[in-house]
S.K.: 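Here it is, the structure, as structure tokens.
All heavy atoms count here, side chains included; hydrogens, waters and symmetry mates do not. Numbers restart at 1 for each chain; the letters A, B, ... are given by sequence-line order, proteins then strands.
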Protein chains: 2
Amino acid sequence: MIKEFTNAPEAREFMYEGKAKKIYTTDDPELVRIYYKDDATAFDGKKRGTILDKGVVNNRTSGIFFSYLEDNGIPTHFQGLVNEREMITERVEIIQVEVVVRNVVAGSLAKRIGLAEGTVLAFPVLEFYYKSDELGDPLINESHMKVLNLATPEELEIIGGMALRINGLMVGFVEPRGLRLVDFKLEFGKNSKGQIILADEISPDTCRFWDLETGKSLDKDRFRRDLGEVEEAYHEVLRRLEVGLNG
Amino acid sequence: MIKEFTNAPEAREFMYEGKAKKIYTTDDPELVRIYYKDDATAFDGKKRGTILDKGVVNNRTSGIFFSYLEDNGIPTHFQGLVNEREMITERVEIIQVEVVVRNVVAGSLAKRIGLAEGTVLAFPVLEFYYKSDELGDPLINESHMKVLNLATPEELEIIGGMALRINGLMVGFVEPRGLRLVDFKLEFGKNSKGQIILADEISPDTCRFWDLETGKSLDKDRFRRDLGEVEEAYHEVLRRLEVGLNG
């Protein structure tokens with residue numbers, strides 16, 4: 001079920017280093033090689049640290065989610081895992097908008113609209129944030145995106161619709177595994193054919209997972225809020241996702 | 001052209017005091033009497049002061065704008081001026097959303113999306129803010145409004161459409177009078193028939209006006225940013241609006 005990439009093209013030129021990953025070109029202009037790091041940051045980079053083996057866990061966790069979403073009709077950049085810390089993905093131009101879907105109130109939403117953390121939302125909340133460290137990744141709306149030329153209304157329609165479908169699929173995947181999907185962040189990109197596909201990663205760095213029974217955070221909030229047992233949480237999520245998977 | 005209300009019903013019970021106005025019931029359950037104060041606040045009430053005769057100027061300025069908009073097919077709460085500081089309006093239940101339309105980058109938009117103040121926008125930007133002093137009037141999007149039950153998608157459609165039409169009408173009114181309409185805030189309410197109509201006020205408290213030639217601020221930014229000549233700016237806007245009006 002988890003796609004692996006055999007005879008993966010070697011990494012050639014270093015292309016880009018993000019907070020949690022490095023990206024390298026390969027000899028295939030359509031493919032890049034992504035290396036998952038252990039670096040962790042929070043609060044727009046103001047808090048920095050390392051989570052032991054996070055890169056290993058998140059590479060595999062993302063591979064599981066991307067494979068599952070592909071199997072369910074969501075086009076993603078994922079082409080297959082190469083080794084513990086690397087995957088091959090389709091090369092895309094990233095749309096400079098972070099798409100957030102929320103099922104339960106947590107984090108910045110509690111501050112913004114004044115509902116208590118843990119409030120279950122009657123409808124999923126869909127938010128767009130402008131990817132800009134300088135500006136602190138501000139919430140933006142459709143007219144801001146139009147003015148900044150970040151996405152056309154048609155692209156936005158596609159992205160919003162995909163994000164909500166992905167939410168439904170992910171909830172269906174993680175709930176039987178004892179995880180509540182509180183909220184998560186997605187990024188989309190355009191491939192060489194101009195198709196919009198899911199990109200970036202899906203892991204406890206980008207999703208809030210709470211234990212369904214105890215409500216315990218099993219995600220980056222443990223790092224953000226100094227809750228301890230950070231590594232254990234990442235491993236625990238992966239362990240639960242592996243249940244019932246073949247290959 | 002400016003509607004006056006003859007034989008206006010007397011103020012009966014005090015109903016509500018906002019930052020710039022007081023509202024009183026009348027013997028007619030459909031009508032309220034609004035008194036415009038000289039009090040000025042900024043930055044969520046952190047800055048407070050008085051602008052001499054602001055109440056007089058804003059009562060008349062709002063009367064001019066509301067009369068003009070009504071004449072052009074926009075339903076408003078305005079029923080007519082009573083005296084220097086008071087008007088009669090239809091009683092409405094205010095929708096707890098501030099609607100902002102922007103033609104030029106200024107204020108919080110510059111901080112949010114990183115474009116310089118004064119940048120002319122290719123399209124008007126439409127924003128919704130949650131009316132909550134406690135939360136600092138945060139920017140919200142359609143899904144927040146749905147979750148908070150502030151407005152239905154149909155109501156939002158009506159409000160957004162009206163706000164953009166009002167923007168076009170207002171630009172057409174103030175530009176020949178040497179004023180650039182940079183941005184403005186509107187509030188809407190529902191009357192007893194359930195109709196959504198324009199409410200609140202339209203004045204240099206709620207609009208940014210720049211002199212078309214010099215770019216000089218002629219609005220509350222003079223108070224917010226301690227630019228001096230505050231009273232003069234409010235009077236100057238009213239003086240220009242009166243040009244060519246009869247009655």
S.K.: Count the heavy atoms of every other residue, nucleotide or ligand shown that sit under 6.0 Å from NZ of A:Lys37, and state whether that count exceeds 12.
M.R.: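 Check passes, neighbour count above 12.
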S.K.: Does A:Glu17 have more than 12 heavy atoms from other residues, nucleotides or ligands lying within 6.0 Å of its CD?
M.R.: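 Yes.
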S.K.: Just checking B:Glu117: does its CD atom have more than 12 heavy atoms from other residues, nucleotides or ligands closer to it than 6.0 angstrom?
M.R.: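 Yes, CD of B:Glu117 has more than 12 neighbouring heavy atoms, counting only those of other groups under 6.0 Å.
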S.K.: Please say which of B:Leu115, B:Val105, B:Thr119 ends up in a side chain to side chain contact (heavy atoms under 4.5 Å, CB included) with A:Val147.
M.R.: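 Result: among B:Leu115, B:Val105, B:Thr119, B:Leu115 is the only option passing the side chain to side chain contact (heavy atoms under 4.5 Å, CB included) with A:Val147.
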S.K.: For A:Arg91, does the CZ atom sit with more than 12 other heavy atoms under 6.0 Å from it, leaving out its own atoms?
M.R.: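 Open: at most 12 neighbouring heavy atoms sit under 6.0 Å from CZ of A:Arg91.
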S.K.: Which bit of A:Ile113 is near chain B, if near means a heavy-atom gap under 4.5 Å: side chain, backbone, both or neither?
M.R.: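 Looking at A:Ile113, backbone and side chain both touch chain B.
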S.K.: Check whether A:Glu127 gets within reach of chain B through its side chain, its backbone, both or neither, counting any heavy atom under 4.5 Å.
M.R.: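 Both backbone and side chain.
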S.K.: Keeping the roles fixed (side chain from B:Arg112, backbone from A:Leu139), state whether a donor-acceptor pair exists under 3.5 Å.
M.R.: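 The answer is yes, because a donor-acceptor pair under 3.5 Å joins these two groups.
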S.K.: Taking all non-hydrogen atoms of both residues, which atom of B:Lys111 and which atom of A:Leu135 are closest, and how far apart?
M.R.: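 Nearest pair, atom of B:Lys111 first, then A:Leu135: O-CD2, 3.5 Å.
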S.K.: Answer yes or no: does atom CD of B:Glu93 have more than 12 heavy-atom neighbours from other residues, nucleotides or ligands under 6.0 Å?
M.R.: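 Counting other residues, nucleotides and ligands, CD of B:Glu93 stays at 12 neighbours or fewer.
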S.K.: Determine whether A:Val125 and B:Lys146 make a side-chain contact, defined as any pair of heavy atoms from C-beta on separated by less than 4.5 Å.
M.R.: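 No, side chains not in contact.
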S.K.: Is there side-chain contact between B:Glu142 and A:Leu126, with at least one heavy-atom pair below 4.5 Å?
M.R.: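 Not touching, per the 4.5 Å side-chain cut-off.
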S.K.: Any idea which heavy atoms bring A:Pro124 and B:Ser143 closest together, and the distance?
M.R.: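 So the minimum-distance heavy-atom pair works out to O-CB, 4.3 Å.
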S.K.: Does any backbone or side-chain atom of B:Tyr130 lie under 4.5 Å from a heavy atom of chain A? Answer side chain, backbone, both or neither.
M.R.: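 The side chain, not the backbone.
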S.K.: Around atom CZ of A:Arg222, are there more than 12 heavy atoms of other residues, nucleotides or ligands at under 6.0 Å?
M.R.: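 Count over threshold, so yes.
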